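Model, not experiment: these values are computed from the prediction. Note on naming: letters A, B, ... go to the chains in the order of the sequence lines (proteins, then strands), and numbering restarts at 1 for each one.
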Amino acid sequence: MEGEKGGRKSAEYEAVVSAGRHLKRLQQAHAHLVVTGCYRSRALLTKLLTLSCAAGSIAYTRRLIRSVADPDSFLFNSLINASSKFGFSHDTILFYRRMLHSRIAPSSYTFTSVIKACADISHLRLGTLVHSHVFVFGYVSDSFVQAALVTFYAKSCKPRVARKVFDEMPQRNIVAWNSMISGYEQNGLAREAVEVFNKIRETKVEPDSATFVSVLSACSQLGSLHLGCWIHECIVESGITMDVFLATSLVNMFSRCGDVGKAREVFDSINEGNVVLWTAMISGYGMHGYGVEAMEVFRRMKARGVVPNSVTFVVVLSACAHAGLIDEGRAVFATMKQEYGVVPSVEHHVCMVDMLGRGGLLNEAYKYVKGLRPEELVPAVWTAMLGACKMHKNFDIGVEVAEHVINAEPENPGNYVLLSNMYALAGRMDRVASVRKVMIQRGLKKQVGYSTIDIDNRSYLFSMGDKFHPETNEIYRYLDELMWKCKVAGYAPVLELAMHEVEEEEREYALRYHSEKLAVAFGLMKTGNGVILRVVKNLRICEDCHSAFKFISVVTNREIIVRDKIRFHHFREGSCSCLDYW
DNA sequence: TTAGGGTTAG
């Protein structure tokens with residue numbers, strides 16, 4: 001009899017499990033449990049709850065838990081874990097509150113899940129409160145809870161607090177290290193992330209795939225190719241399997257560090273790529289201005305049966321915009337909606353405005369902007385339109401658009417600089433002065449531009465007019481000579497974008513010592529013929545530097561690759577890969 | 001029979 005009973009229970013369990021993540025089937029299984037009288041079984045209820053979370057139905061999960069008179073510790077923990085894992089963070093916190101009200105003590109399992117929920121919604125106040133509960137209930141030395149706290153503080157923009165928790169850990173497994181590396185990387189502290197990675201190598205802990213994914217993101221942020229290549233070597237040496245996550249990170253890293261050829265090599269070495277990998281490769285070509293190659297990969301992707309998603313279309317449209325492929329871009333936008341049913345998002349609209357605007361179709365671009373719904377008129381749309389007006393020197397639309405940009409983002413100093421430039425180009429110097437006045441009144445300062453260049457595995461940082469480098473005098477002298485040679489070859493400084501309140505001679509001086517020029521001069525001084533210079537700039541490259549680098553590539557016979565805020569520029573033999581679409 | 005931490009594309 002006992003065996004039969006056990007067998008019957010098992011069949012019920014099987015019925016719940018086989019319903020899987022399908023809400024309808026779970027509800028049928030639930031009904032069956034009620035009919036057979038098995039609905040009081042805690043194990044079956046627990047399974048039902050976790051599966052309904054997995055099925056994405058938090059409403060059904062809530063109904064189920066309400067039907068349980070006295071949920072026990074096991075049930076709460078399962079519920080808290082599942083709701084947190086499947087992204088129902090707010091519910092996780094509510095379930096946790098209910099658990100405390102029921103006077104059921106949380107465990108380390110409870111805390112890891114609740115802390116993850118707080119991390120996912122970056123709820124600093126709540127997470128800090130939960131941290132205090134961790135002390136009260138005595139789980140402060142639990143390594144899982146500590147790792148979760150590191151991630152929580154990092155995701156709540158408190159990397160220093162994350163580091164404090166990390167430093168206080170008596171034992172650190174690879175997950176704890178990974179939490180700290182990705183925590184730094186996500187807060188824009190790429191150098192710190194690489195430092196932590198280096199520290200792991202002093203321990204006996206072996207890096208895993210996630211370690212490399214995070215540290216590769218840090219390399220991408222820095223744009224440091226030598227660092228990225230070194231991590232690549234570490235991956236090969238570690239013998240770790242090249243999974244699709246790792247391959248995607250490598251493709252990204254090589255693209256964002258300026259070696260799209262290497263990115264392609266990694267991409268080609270993977271047989272079964274998913275949409276993320278294909279999108280990364282297309283994005284890589286796009287940011288380098290290789291629109292034709294981007295479109296070719298996009299075509300092959302579709303031929304392979306990999307279905308493009310919303311992000312894929314953003315990178316494809318962006319590639320078209322940066323390569324002047326307007327007709328292709330229009331066609332892609334049409335198929336996106338018709339064939340793939342992707343609803344255009346704000347990002348797609350920005351790409352379309354950017355593409356039409358860069359292509360000189362300013363009226364069409366402006367018509368497109370005016371056709372958008374009010375909620376779609378985000379600052380990025382206006383900024384794209386403004387960039388186009390500046391590029392094609394259309395001051396009438398430009399000034400109008402600039403006013404919208406300021407209204408949309410009154411705290412962004414970059415917008416005032418754009419507006420000021422627009423007025424200056426239109427010859428309205430009175431307006432230039434008044435914009436500057438507003439900036440001063442509002443306490444807004446221009447973002448400081450800086451450039452980095454890697455030479456002999458070391459990274460050097462330059463900012464405009466800075467004289468901190470020990471070889472400053474040599475660099476400035478070298479640059480003066482270089483610019484003189486460029487002038488002989490036909491270079492004329494693009495003065496109108498320099499600071500407008502200074503005299504012409506000073507304006508040229510200010511332009512001459514822009515951070516990217518200092519970095520290039522230093523690179524030329526320190527490297528031999530044939531070495532490609534790779535410079536990373538935090539802002540967009542200025543128009544004058546862009547013009548100067550074309551001449552420098554001729555007079556020095558060097559290739560210069562500059563990564564600016566939005567894309568790459570390859571200067572070779574007097575021209576730039578962006579074809580001045582920038 | 002039910003439950004734990006980190007990572008990927010613009």
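- Whole-Å rounding puts the A/Leu317 CG to B/dA9 C1' distance at 15 Å.
- Atom pair A/Ile115:CD1 and B/dG6:P shows a separation of 10 Å (rounding to whole Å applied).
- Nucleic acid contact class of A/Ser318 (heavy atoms, under 4.0 Å, all strands): none.
- The six-membered or imidazole ring of A/Tyr340 lies near that of A/Phe313, with a centre-to-centre distance under 6.0 Å.
- Comparing atom distances between the A/Asn252 side chain and each of B/dG10, B/dG4, B/dG6 picks out B/dG10 as nearest.
- Listed nucleotides B/dA3, B/dG6, B/dA9 differ in distance to A/Asn77; the shortest reach to its side chain belongs to B/dA3.
- What separates OH of A/Tyr109 from P of B/dT2 is a distance of 12 Å, to the nearest Å.
- In this entry the distance linking CZ of A/Phe313 with P of B/dA9 reads 20 Å, nearest Å.
- The side chain of A/Phe74 has B/dT2 as its nearest neighbour among B/dG6, B/dT2, B/dA9.
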Which atom pairs, donor and acceptor, lie under 3.5 Å between side-chain atoms of residues 285-297 of chain A and protein residues at least two apart or in another chain?
from, atom 1, to, atom 2, distance (Å)
A/Tyr285, OH, A/Arg264, NH1, 3.1
A/His288, ND1, A/His570, NE2, 2.8
A/His288, NE2, A/Ser255, O, 2.9
A/Glu296, OE1, A/Arg299, NE, 3.3
A/Glu296, OE2, A/Arg299, NH2, 2.9

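- Under a 3.5 Å cut-off, the side chain of A/His348 and the backbone N or O of A/Ser310 do form a donor-acceptor pair.
- Here the nucleotide nearest the side chain of A/Ser214, chosen from B/dT7, B/dG4, B/dG6, is B/dT7.
- For A/Ala210, counting side-chain heavy atoms from C-beta on, the closest listed nucleotide (B/dG6, B/dA9, B/dG4) is B/dG6.
- Counting any heavy atom pair closer than 4.0 Å across all strands shown, A/Asn309 reaches a base atom.
- Protein atom CD of A/Gln221 is 15 Å distant from nucleotide atom P of B/dT7, rounded to whole Å.
- Distance from the side chain of A/Lys155 is smallest to B/dT7 among B/dT2, B/dT7, B/dG10.
- In this structure the side chain of A/Tyr109 never reaches within 4.5 angstrom of the side chain of A/Ile80, judged on heavy atoms.
- Here the rule is ring pair (Phe, Tyr, Trp, His ring centres under 6.0 Å) with A/Phe166, and of A/Phe152, A/Trp177, A/Tyr184, A/Tyr153 only A/Trp177 fits it.
- When distances run from any side-chain atom of A/Thr46 to the nucleotides B/dG6, B/dG4, B/dT2, the shortest one goes to B/dT2.
- Across B/dA9, B/dG10, B/dA3, the shortest atom-to-atom separation from the side chain of A/Val315 is found for B/dG10.
- Which of B/dG6, B/dT8, B/dT2 sits closest to the side chain of A/Ser78 comes down to B/dT2.
- Here B/dT8 presents its P atom at 12 Å from CD1 of A/Ile181, a figure rounded to the nearest Å.
- As a whole-Å value, the separation of A/Phe166 CZ from B/dG6 P is 15 Å.
- In this structure, A/Asn81 reaches the B/dG4 phosphate: one of its side-chain N or O atoms is under 4.0 Å from OP1 or OP2.
- Here B/dG10 presents its P atom at 21 Å from CE of A/Met352, a figure rounded to the nearest Å.
- Closest to the side chain of A/Gln186, from the set B/dT7, B/dG4, B/dG10, is B/dT7.
- Side-chain contact between A/Arg330 and A/Leu356 is present, with at least one heavy-atom pair separated by less than 4.5 Å.
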